[in-house]
Trainee: 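Submitted below is the structure of interest, expressed as structure tokens.
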Amino acid sequence: MPNAAPAQSRPRADDPALADEVRDHLDACIARLDEGARVWSALTLDQRARLMTRLHDSISAAAEEWVDTAATSKDLAPGHPLRGEEWLSGPYAAIVAVDAYASTLRVLARGGSPLDDVTTDAAPGGRVRAHVFPTTAVDGMLLSGYTGEVWFEPGVTAEDARRRAGLAQLTPTTPGGVGLVLGAGNVTAIPVLDVLYELLAHNRVALLKVNPTQDALVPVFERALAPLIEPGFLRIVRGDGDVGAYLTRHRGIAHVHITGAAATFDAIVWGSGKTAARRRRENRPQLKKPISAELGGVSPIIIVPGEWSEADLAFQAEHVATMRLYNAGHNCIAAQIVIVSADWPQRAAFLRALRAAYEAAPRRSAWYPRSDASLGAAASHYPNAAWCADGTRALIEIGPDDDATALETTEYFSPVLGVVSLPGTGQEFLDTAVAHANEALVGTLGVNVLIDPETQAALGDGFELAVADLRYGTVSINSWTAFGFLTPTLTWGGFPGATPQNIESGIGFVHNALLLDGVERSVTRGPFRPFPRALAPRSLGASKGRSFSVLPKPPWFVTSRTGAAVSEGFTRFRMDGDFAKLMVTFVHAFRA
């Protein structure tokens with residue numbers, strides 16, 4: 001008989017009170033995972049790649065039920081124009097991830113590096129970057145005009161990056177033990193992606209405790225992830241904070257990973273009340289095992305002033321509204337602060353377009369627990385806020401005599417969007433905005449920069465130097481940082497340097513399907529103007545900053561009339577590769 005995992009043979013004095021049957025079930029899950037860890041260590045890389053292919057099929061089979069269950073839990077009725085969000089941030093994200101991991105495993109199995117066919121070049125500050133998206137013609141076709149780069153930490157050479165790519169799959173027989181994944185409750189792909197990263201980046205089998213907001217999805221997850229559950233590589237459990245507390249302290253758990261809020265991280269690591277404060281001062285965490293985390297923050301959108309057409313103003317206003325309102329604002333990467341130039345002649349025109357887009361976006365409920373309290377806090381902090389869409393979303397413009405502190409240090413995790421004005425134009429404004437984002441705002445997860453190609457070309461190297469100065473784990477230029485989340489070959493997490501005492505937006509990266517080491521950040525770039533305006537001579541003539549796209553409007557825009565159909569069509573194409581059906585989806589895309 002295999003040896004069982006170290007079990008909690010009897011409750012500890014500081015364990016939460018759990019029913020005996022609950023405790024026994026959790027202990028049994030960890031014991032089974034301990035057996036599964038040995039099975040995983042015996043699999044070859046080819047076998048692991050084939051396992052990813054089986055996951056592609058099982059996730060595809062469960063995709064429609066996955067979307068229906070998630071949409072229903074978020075009060076999106078059949079036919080709602082925003083149901084497409086659940087296709088993209090659920091099955092789509094999971095399928096492209098397992099496909100990318102399978103590709104990496106096959107390359108490693110034949111003795112290569114995941115970076116062998118990836119272009120690398122120099123980035124500012126003595127850095128090396130790898131151009132990791134698109135990696136296939138399909139990527140370039142579906143997400144036309146969008147690119148992604150991984151920037152390595154200063155001092156990591158291109159040869160270092162190639163040699164170290166593969167992480168735990170370079171030593172596949174070395175077990176990583178059992179990892180606890182405390183799943184996020186807002187985006188349904190997150191728990192699945194975190195489990196995959198535990199398995200492939202660290203050789204850790206996983207116990208996934210879902211957030212109670214996703215309890216209804218557990219049966220779907222069990223079918224979608226059956227190829228991991230059957231051999232003992234994954235177990236899924238429900239429960240509230242008491243279950244999570246018991247598991248974080250369990251002797252059979254080697255590592256904890258959480259996607260959530262900084263307050264939850266602090267409670268796990270330091271405890272609560274006066275004891276927690278003392279522990280933090282003395283650097284005596286109550287958690288006695290390593291922990292990684294992906295946490296949120298206050299994400300900015302830097303609007304670099306230029307000469308924008310009326311169409312530019314309207315399109316980018318819809319872009320900003322999407323960054324805040326996607327998933328009803330319940331995203332760790334939802335933009336919360338628009339940083340605009342007080343000296344931009346078009347400032348007033350842009351803010352008018354933003355108010356119109358923010359008001360016009362489809363209505364939906366703020367469904368995440370305690371959203372009412374978050375919205376109430378915003379109303380209390382800013383009694384002069386403009387409330388749009390029948391009073392369900394706040395737009396707060398900080399005036400010269402207003403205090404922006406609450407807006408810049410409180411992650412509302414709800415439809416609350418603020419506007420902060422800073423002086424200057426051109427490089428002066430950009431440098432001021434970068435410093436403000438780095439120093440005044442809480443969190444380091446992601447930052448968005450909107451800049452027209454003519455202005456970017458005029459700034460030249462100064463623009464790229466400003467990008468390098470941003471201390472964020474994902475920097476998105478004319479694209480939303482959620483594109484970085486959705487792209488498996490990019491990394492996802494806070495900027496390196498956080499500590500348990502000052503957690504910022506977390507410790508470590510996830511996703512990272514090329515299994516890269518020594519990463520500092522990911523950078524995404526997209527088209528400032530959609531098709532057909534991207535063909536305009538003024539856009540095509542800009543030598544820097546130009547990005548051509550055949551998409552009239554990305555399907556994730558909350559203002560896309562056909563976003564639901566296009567998001568479902570893109571996902572189904574990733575599932576079955578049917579080009580005939582994809583052509584129908586493109587017809588929908590051109591009607592967006």
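For the numbers below, each heavy atom of this structure counts, side chains included, while hydrogens, waters and symmetry mates do not.
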Trainee: Without swapping roles, check the side chain of Glu35 against the backbone of Gly232 for a donor-acceptor pair under 3.5 Å.
Mentor: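 Looks like no, no N/O pair under 3.5 Å.
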
Trainee: Relative to the ring of Tyr368, is the ring of His330 parallel (under 30°), tilted (30 to 60°) or perpendicular (over 60°)?
Mentor: tilted

Trainee: In sequence, state the C-alpha distance, the side-chain angles, and the governing distance for Arg572 and Glu568, and then conclude on salt bridge (Lys or Arg N to Asp or Glu O under 4.0 Å).
Mentor: CA-CA 6 Å; Arg572 291 192 182 279; Glu568 178 179 351; 2.9 Å; yes

Trainee: Passes salt bridge (Lys or Arg N to Asp or Glu O under 4.0 Å), Arg525 versus Glu149? Steps please.
Mentor: CA-CA 9 Å; Arg525 303 174 195 262; Glu149 310 152 14; 2.6 Å; yes

Trainee: Taking the six-membered ring for Trp and the single ring otherwise, decide whether the centroids of Trp492 and Phe485 are under 6.0 Å apart.
Mentor: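 They qualify: ring centres under 6.0 Å apart.
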
Trainee: Do Phe133 and Tyr146 have ring centroids that are under 6.0 Å from one another?
Mentor: no

Trainee: May I ask you to decide if the ring planes of Tyr246 and His250 are parallel, tilted or perpendicular, using 30° and 60° as cut-offs?
Mentor: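 Rings of Tyr246 and His250: perpendicular, as their planes differ by over 60°.
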
Trainee: Ring centroid separation for Phe573 and Phe579, is it under 6.0 angstrom?
Mentor: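 Yes - the distance between ring centres of Phe573 and Phe579 falls below the 6.0 Å cut-off.
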
Trainee: Side-chain contact test, heavy atoms from C-beta onward, threshold under 4.5 Å: evaluate it for Pro78 versus Arg83 and give yes or no.
Mentor: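 Side chain of Pro78 against side chain of Arg83, heavy atoms only: contact under 4.5 Å found.
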
Trainee: Does the cation-pi check pass for Arg48 over Trp40, that is, NZ or CZ under 6.0 Å from the six-membered ring centre and within 45° of its axis?
Mentor: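 Verdict for Trp40: a cation-pi partner in Arg48.
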
Trainee: Where do Thr524 and Ser479 land on the side-chain hydrogen bond (donor to acceptor under 3.5 Å, both in side chains) test, with the steps shown first?
Mentor: CA-CA 7 Å; Thr524 74; Ser479 62; 2.6 Å; yes

Trainee: Measuring centre to centre across the rings, with the benzene-like ring taken for any Trp, is Trp87 within less than 6.0 Å of Phe570?
Mentor: no

Trainee: Taking side-chain contact (heavy atoms from CB on, under 4.5 Å) as the criterion, tell me which of Val237, Thr248, Val181, Ile258 meets it with Lys209.
Mentor: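 Single pass found, and it is Val237.
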
Trainee: Centroid-to-centroid, Tyr101 to Tyr197, below 6.0 Å?
Mentor: no

